[in-house]
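First the structure, in the form of structure tokens, and then the observations on it.
If you read the sequence from its start, that first residue is 1, and numbering goes on from there. For the numbers below, each heavy atom of this structure counts, side chains included, while hydrogens, waters and symmetry mates do not.
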Amino acid sequence: MRSYSLFSLAIILSSLALLRSLRSNNNFNWLGYGLTLALGIYSHVNFIFVYFAQTVYVIVTQKFKFNKSILNHILASTILFVSFLPWILVITRDWSDIKSRIAWLNNFQISVLERILTIIFNTSTVLVDFNNQFNFKNPLPYLIFIIIIYSFWFMYRQAPFHTFLFIALLVIIPGLSQIIPDFLQGGRRTIYSRYLTPSYIGVSLSVAYLLASKAFHGVEKPIKRRLWQLISIAIISLGIFSSLAIAKSPTGRTQGIVPIMNLQIAEVINKSPNVLVITDDLYYRVLALTHLLNSDVYLQVVYGENQKELEEKLSKLEQIGSKFDNIFLYIPSDQLIQQIETNGYNTQLIVSDKDKKRYWLYKITK
């Protein structure tokens, strides 16, 4: 289970703790800030970029002078690094394996224009998200993005400098950490909005400042204030309605294609009597599928088997298969298909996503 809700909470708590610590500058508050840093780094490794943004904020607001606040920040930071040290050792030891597991993040190429439009679309969904797939002809995301850009300009002009700086750094540093690699070498970091969670929190704060200032606390003329009140009501209402639409949807746009295909696969499997499903796919996709299957569907996982173990299990397929009327392969590897065909069975493709050249479900036949 991905802990992006905990990640978001850790970002907010650490931000509040930092601002409180800078204001009071007592040891107890700095200790609390250090504990929120530990919580953040354990919620998601990308929290390190939030920490970098907060560090830059402390250095700038202290006018690049070493003082008690800088010292306390350094001491609080040691809690982060000491608490994460065991995982640093694990990451260092298993880096080659970790690198291979996250390689999929880099295996995605689109044009520069498409990537920019995707960033605009994803950023707009911070305020309004009807769970639609990318539609670059829809004017709503562009209108919302213009409001977001204007909110930062307004905050720069009207808010205290330290307020603007804090929110701007929260958006820029974590955001660039994901955007730059995607533009330089390709990748999915800007495609899946969850990787830009810190930036989106900053965007939400900026828009909230704009709407609160313009619609309720500003010195605008009555007609302008009424206009901004209407804009605020429209944005909040669309946000609520879109959230309700997402809550009722069986899948989410940001979850990728797997949940969508799993619905189609589960429908095929559940309509078939006396079923066995064999798979060697990644465990999290298999677990996601099991929640959609009927309770009488049997599952045989051969994930992580070496060649000898796989041969031993599949050699019993004839004995096992006689007990089932339908046997399916869920996202099988080439090795699994080859081994099954070697044992004298045929595989029939049932569900595929040919545009993306991925094959999801096969049926085993004699």
[atom1]/[X] to [atom2]/[Y] distance, rounded to the nearest 0.5 angstrom?
{"X": "Ser21", "Y": "Asn72", "atom1": "OG", "atom2": "CG", "answer": "8.0 Å"}
{"X": "Leu13", "Y": "Leu18", "atom1": "CG", "atom2": "CG", "answer": "12.5 Å"}
{"X": "Gln54", "Y": "Leu170", "atom1": "CD", "atom2": "CG", "answer": "7.5 Å"}
{"X": "Ser333", "Y": "Gln339", "atom1": "OG", "atom2": "CD", "answer": "10.0 Å"}
{"X": "Phe164", "Y": "Met155", "atom1": "CZ", "atom2": "CE", "answer": "6.0 Å"}
{"X": "Leu211", "Y": "Ile235", "atom1": "CG", "atom2": "CD1", "answer": "5.0 Å"}

[X]-[Y] side chain donor-acceptor pair, cut-off 3.5 Å:
{"X": "Gln229", "Y": "Ser232", "result": "no"}
{"X": "Asn262", "Y": "Tyr330", "result": "yes"}
{"X": "Asn326", "Y": "Lys363", "result": "yes"}
{"X": "Asp182", "Y": "Thr190", "result": "yes"}

Flag side-chain contact, heavy atom, 4.5 Å: [X] against [Y]:
{"X": "Leu329", "Y": "Thr279", "result": "no"}
{"X": "Thr347", "Y": "Ile340", "result": "yes"}
{"X": "Tyr345", "Y": "Ile327", "result": "no"}
{"X": "Ser272", "Y": "Phe328", "result": "yes"}
{"X": "Leu75", "Y": "Trp30", "result": "no"}
{"X": "Phe161", "Y": "Tyr156", "result": "no"}
{"X": "Leu165", "Y": "Leu169", "result": "yes"}
{"X": "Leu299", "Y": "Val286", "result": "yes"}

Requested in this report: Before giving the answer on side chain to side chain donor-acceptor pair (under 3.5 Å), spell out for Ser77 and Tyr51 the whole-Å C-alpha distance, their side-chain angles and the decisive distance to 0.1 Å.
Outcome: CA-CA 9 Å; Ser77 300; Tyr51 166 73; 2.7 Å; yes
**Report entry** Atom CD1 of Ile223: over 12 foreign heavy atoms under 6.0 Å
**Finding:**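 Counting other residues, nucleotides and ligands, CD1 of Ile223 stays at 12 neighbours or fewer.
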Side-chain heavy atoms under 4.5 angstrom apart, residues restricted to Ile, Leu, Val, Met, Phe, Trp, Tyr: same cluster for [X] and [Y]?
{"X": "Phe166", "Y": "Leu9", "value": "no"}
{"X": "Ile59", "Y": "Leu71", "value": "yes"}
{"X": "Ile147", "Y": "Val126", "value": "yes"}
{"X": "Leu6", "Y": "Val45", "value": "no"}

**Report entry** Sidechain-backbone polar pair: Asn270 side chain, Leu292 backbone, donor-acceptor under 3.5 Å
**Finding:**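 Pair found, side chain donor or acceptor close to backbone of Leu292.
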Query raised in the report: Hey, does the side chain of Asn67 reach the backbone of Ile70 with a donor-acceptor pair shorter than 3.5 angstrom?
Result: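 Checking the backbone N and O of Ile70 against the side chain of Asn67, a donor-acceptor pair under 3.5 Å is found.
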Requested in this report: Please find out if less than 6.0 Å separates the ring center of Tyr298 from that of Phe324.
Outcome: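 Centroid distance Tyr298-Phe324: below 6.0 Å, so yes.
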Query raised in the report: Given the rule in the side chain to side chain contact (heavy atoms under 4.5 Å, CB included) test, do Ile116 and Phe183 qualify, once you have shown the distances and angles that lead to the verdict?
Result: CA-CA 10 Å; Ile116 292 173; Phe183 274 98; 3.9 Å; yes
Requested in this report: Please name all residues satisfying side chain to side chain donor-acceptor pair (under 3.5 Å) with Gln158, sequence neighbours left out, ordered by chain then number.
Outcome: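 Gln158: no side chain to side chain donor-acceptor pair (under 3.5 Å) contacts found.
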Query raised in the report: Does the side chain to side chain contact (heavy atoms under 4.5 Å, CB included) test come out yes or no for Ile179 and Arg189, once each step is laid out?
Result: CA-CA 7 Å; Ile179 292 172; Arg189 299 169 190 84; over 6 Å; no
**Report entry** Whether Tyr359 and Tyr362 hold their rings parallel, tilted or perpendicular, with breakpoints at 30° and 60°
**Finding:**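 The rings of Tyr359 and Tyr362 sit tilted, inter-plane angle from 30° to 60°.
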**Report entry** Aromatic ring pairing Phe154/Tyr209, orientation class (parallel under 30°, perpendicular over 60°, tilted between)
**Finding:**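 Correct class here is tilted.
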Requested in this report: Verify side chain to side chain contact (heavy atoms under 4.5 Å, CB included) between Gln264 and Trp360, making sure each step is shown before the conclusion.
Outcome: CA-CA 10 Å; Gln264 185 178 346; Trp360 297 81; over 6 Å; no
Query - Thr125 and its side chain to side chain contact (heavy atoms under 4.5 Å, CB included) partner, picked from Thr123, Asp129, Leu127 - result: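 The single option meeting the side chain to side chain contact (heavy atoms under 4.5 Å, CB included) with Thr125 is Asp129.
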Query raised in the report: Which residue pairs pass the side chain to side chain donor-acceptor pair (under 3.5 Å) test when at least one of the two sits in residues 136-155, sequence neighbours left out?
Result: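 Applying side chain to side chain donor-acceptor pair (under 3.5 Å) to every pair that reaches into residues 136-155, excluding sequence neighbours, yields Tyr150-Lys214, Ser151-Ser206.
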Query raised in the report: Pick one: which of Arg115, Gln109, Glu114 meets side chain to side chain donor-acceptor pair (under 3.5 Å) with Ser111?
Result: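 The single option meeting the side chain to side chain donor-acceptor pair (under 3.5 Å) with Ser111 is Glu114.
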Report task. Under the side chain to side chain donor-acceptor pair (under 3.5 Å) rule, what do Asn29 and Ser24 come out as? Steps first, then yes or no, please. Result -> CA-CA 8 Å; Asn29 286 334; Ser24 63; 2.6 Å; yes
Query raised in the report: Under the side chain to side chain contact (heavy atoms under 4.5 Å, CB included) criterion, do His162 and Tyr57 qualify, and how do the steps go?
Result: CA-CA 8 Å; His162 66 272; Tyr57 174 78; 3.6 Å; yes
